[in-house]
Amino acid sequence: MTAEIIDGKALSLKLREAMKEEVTKLKAAGIHPKLTVVLVGNHPASKSYVNGKKKACHETGIDSEILELSTTVTETELLQQIHKLNNDPTVHGILVQLPLPGHIEEQKVIEAIIPEKDVDGFHPINIGRMMTGMDTFLPCTPYGIITMLQSKSIPIKGQHAVVIGRSNIVGKPVAQLLLNHHATVTTCHSKTKDLKSLTKQADILIVAIGKAHVIDESYIKEGATVIDVGINRLDNGTLTGDVDFQSVKEKAAYLTPVPRGVGPMTITMLLKNTIKAAKGLENREG
Ligand code: NDP
C-alpha cells in the first residue's frame with residue numbers, strides 16, 4: 001500500500017481563500033479583524049514563526065501587529081501590556097509567542113489574556129470549554145489535525161486513535177478532540193511501556209514527540225492514518241518530522257508530510273480563530 005499524502009499546504013490555501021472572502025464581508029460591515037502577536041526576545045525560531053503568522057494574516061486581509069518586547073522585560077510589564085491589549089477594542093485576538101524567557105511564568109501570562117481574545121485556545125477556561133464540548137477557541141494544532149482528517153473524510157467515530165505526546169499544546173488537546181469526535185483514545189508518552197504494541201493497534205496515529213524519524217513502519221498498522229506533528233531541524237538545515245516518511249508511506253493509508261503538513265494548518269486555524277474572535281467581540285459590543 002502507498003499512502004495518500006494529506007497536503008496541509010494545499011488544504012490551507014483552500015481554507016484561506018474562503019476566509020479571505022469572509023474577511024472582505026466583515027470589513028464591508030465595519031469589522032476589521034485584528035491579531036496582535038507578542039514576541040519577547042529575539043529567538044530566531046520564534047521570530048520566524050511570528051513573521052509567518054503576520055504574512056498569513058496579511059494574505060487573508062486580517063490586520064496584524066507584532067509587539068516586540070525586550071528579553072529583559074519583567075513579568076509585571078508583560079502582564080500590563082496584555083491588560084492594555086485586553087482593553088483595546090481594535091484588537092480581537094492576542095497571541096503570546098512561546099516559549100518565554102525563564103524569569104516569566106508562562107501559565108500566568110496565558111491566564112492574563114481574556115478568554116474572548118485567546119485565539120491560541122490555551123486559557124484554562126477555553127480548555128475547560130473544549131473538554132465539555134462547548135463552543136470555544138480550539139487550540140490551533142489539534143484543530144488543524146481534526147480538519148485534515150475531515151478533509152479526507154477519514155472516519156474518527158469508533159476508531160482507535162493513539163496519540164504519542166502529552167503536551168498541553170498538542171498531545172492532551174488532540175486526544176480530547178478525538179474523544180469529542182467519539183474515537184477510542186490512548187495517550188502515550190516517554191514513560192509508556194511497550195509503545196509499539198499500542199501504536200500497532202492505531203487506526204489513527206498522531207505523533208507529537210519532537211525527535212526526528214523515531215516512528216518507522218514497524219510502529220504502524222497496515223492501512224492506518226498517520227499524522228506527523230513533529231518539526232525537527234536536521235544538521236544540514238532541512239526540516240523533518242518525527243515519522244520516517246519513506247518507510248511509513250508504504251504501509252499507511254494516509255500520511256502527512258513535514259513540511260507542508262500540520263504546520264501550515266496550525267496557522268490557518270489561528271486565522272480562523274481570529275475571525276471568530278472578531279465576530280464574537282463585535283456582536284457582544286454591538
Ligand atoms: P513536548 O516536548 O512538550 O512534548 C513531547 C512529548 O513527547 C512529551 O509528552 C514526551 O513525554 C513525549 N516523548 C518524548 N520522547 C518520547 C518517546 N521516545 N516515546 C514516547 N513519547 C515520547 O513537545 P510539543 O508537544 O510541544 O511538540 C511536539 C513536536 O511537535 C515538536 O517537534 C514541535 O516542534 C512540534 N510542533 C509542531 C507544531 C505544528 O504546527 N506542526 C505545533 C506545535 C508543536 P513526557 O511527557 O513523558 O516527557
Side-chain angles (χ1 to χ4, degrees), residues 5-12 15-16 37 43-53 55-56 95-100 106-107 110 119-122 127 137-149 161-178 185-202 205-216 218-220 226-234 237-245 248 255-273:
I5 305 306
I6 312 178
D7 184 336
K9 182 93 199 249
L11 178 58
S12 283
L15 296 171
R16 289 182 200 184
V37 180
H43 191 266
S46 292
K47 241 184 159 150
S48 135
Y49 291 143
V50 164
N51 286 334
K53 287 165 187 168
K55 183 166 170 267
L95 181 154
V96 178
Q97 186 64 43
L98 302 177
L100 291 169
E106 276 182 7
Q107 194 56 29
I110 289 169
V119 286
D120 246 344
F122 291 166
I127 293 169
F137 297 113
L138 297 175
C140 301
T141 302
Y143 191 9
I145 292 169
I146 297 291
T147 305
M148 289 176 106
L149 296 174
V162 175
V163 178
I164 320 180
R166 55 172 164 176
S167 70
N168 288 339
I169 63 167
V170 187
K172 280 184 206 162
V174 80
Q176 182 61 49
L177 279 188
L178 288 160
V185 184
T186 302
T187 301
C188 305
H189 45 79
S190 69
K191 310 289 184 292
T192 298
K193 284 186 197 156
D194 197 3
L195 180 66
K196 206 175 270 190
S197 71
L198 295 165
T199 61
K200 284 187 81 116
Q201 294 176 37
L205 179 64
I206 314 283
V207 187
I209 298 174
K211 290 178 188 155
H213 303 165
V214 287
I215 300 302
D216 64 17
S218 67
Y219 286 81
I220 310 294
V226 180
I227 307 287
D228 187 357
V229 187
I231 302 177
N232 309 286
R233 196 171 283 282
L234 298 177
T238 53
L239 288 183
T240 193
D242 293 348
V243 172
D244 177 28
F245 187 85
V248 171
L255 175 61
T256 64
V258 179
R260 291 184 72 97
V262 176
M265 287 300 291
T266 297
I267 298 188
T268 299
M269 302 338 271
L270 172 68
L271 302 174
K272 192 161 181 158
N273 280 347

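Counting starts at 1 for both ligands and their atoms, following the listed order.
Side-chain atoms of Asp228 and Val248, non-hydrogen and from C-beta on, never get closer than 4.5 Å to each other. In this structure, the side chains of Ile6 and Ile227 come closer than 4.5 Å at one or more pairs of heavy atoms. Inter-residue side-chain proximity for Phe245 and Ile5 is flagged as met; some heavy-atom pair is nearer than 4.5 Å.
Heavy atoms of Thr192 stay at 4.0 angstrom or farther from ligand 1. Ligand 1 is approached by Ile169 to a heavy-atom distance shorter than 4.0 Å. Heavy atoms of Ala208 approach ligand 1 to within less than 4.0 angstrom. Within the 4.0 Å heavy-atom cutoff, Gly263 counts among the residues contacting ligand 1.
For the pair Ser48 (side chain) and Pro44 (backbone), a donor-acceptor distance under 3.5 Å is absent. Formation of a donor-acceptor pair under 3.5 Å by the Ser12 side chain with backbone atoms of Thr268 is not found in this model. At distances below 3.5 Å, at least one donor-acceptor pair connects side-chain atoms of Glu106 with backbone N or O atoms of Leu100. Remark: side-chain polar atoms of Thr238 are not paired, donor with acceptor, to backbone N or O of Leu234 under 3.5 angstrom.
Contacts with ligand 1 closer than 4.0 Å are made by side-chain heavy atoms of Ile164 only, the backbone lying farther away. At a heavy-atom cutoff of 4.0 Å, ligand 1 is contacted by both the backbone and the side chain of Ile209. Only the side chain of Thr141 comes within 4.0 Å of ligand 1, counting heavy atoms alone; its backbone N, CA, C and O stay farther away. Contacts between Lys211 and ligand 1 below 4.0 angstrom, taking non-hydrogen atoms only, involve the side chain exclusively. Counting heavy atoms under 4.0 Å from ligand 1, residue Ile231 touches it through both backbone and side chain.
Screening Ile164, Leu198, Thr186 for a side-chain contact (heavy atoms from CB on, under 4.5 Å) with Thr192, the sole residue that qualifies is Leu198. Just one of Val229, Val258, Ile209 meets the side-chain contact (heavy atoms from CB on, under 4.5 Å) condition when paired with Asp242; it is Ile209.
Which parts of ligand 1 touch Val262 is read off a 4.0 Å heavy-atom cut-off, strictly below it: atoms 41 (N). Close contacts of ligand 1 with Gly165, meaning ligand atoms under 4.0 Å from a residue heavy atom, involve 6 (C), 7 (O), 9 (O).
The distance from atom CG of Leu239 to atom CZ of Arg260, rounded to the nearest 0.5 Å, is 13.5 Å. We find the CG-SG distance between Leu270 and Cys140 to be 4.5 Å, quoted to the nearest 0.5 Å. Atom-to-atom distance recorded for Asn168:CG and Ile110:CD1 is 7.5 Å, nearest 0.5 angstrom. To the nearest 0.5 Å, atom CG of residue Asp120 and atom CG of residue Asn273 are 8.5 Å apart.
Closest to atom 46 (O) of ligand 1, if we only count protein heavy atoms, is Arg166 NE, 2.7 Å. With respect to atom 31 (C) of ligand 1, the closest heavy atom belonging to the protein is Gly210 CA, 3.6 Å. In this structure, the protein non-hydrogen atom closest to atom 11 (O) of ligand 1 is Ser190 N, 3.1 Å. The protein non-hydrogen atom at the shortest distance from atom 21 (N) of ligand 1 is His189 C, 3.2 Å. The protein atom (non-hydrogen) at minimum distance from atom 36 (N) of ligand 1 is Val229 O, 3.7 Å. With respect to atom 3 (O) of ligand 1, the closest heavy atom belonging to the protein is Ser167 CB, 3.4 Å. Protein heavy atom at the shortest distance from atom 44 (C) of ligand 1 is Val170 CG2, 3.9 Å. When only non-hydrogen protein atoms are considered, atom 19 (N) of ligand 1 lies nearest to Leu195 CD2, 4.0 Å.
The heavy atom nearest to atom 40 (O) of ligand 1, out of those in Thr187, Leu270, Asn168, Thr266, is found in Thr266.
No N or O atom of Asp242 sits closer than 3.5 Å to an N or O atom of ligand 1.
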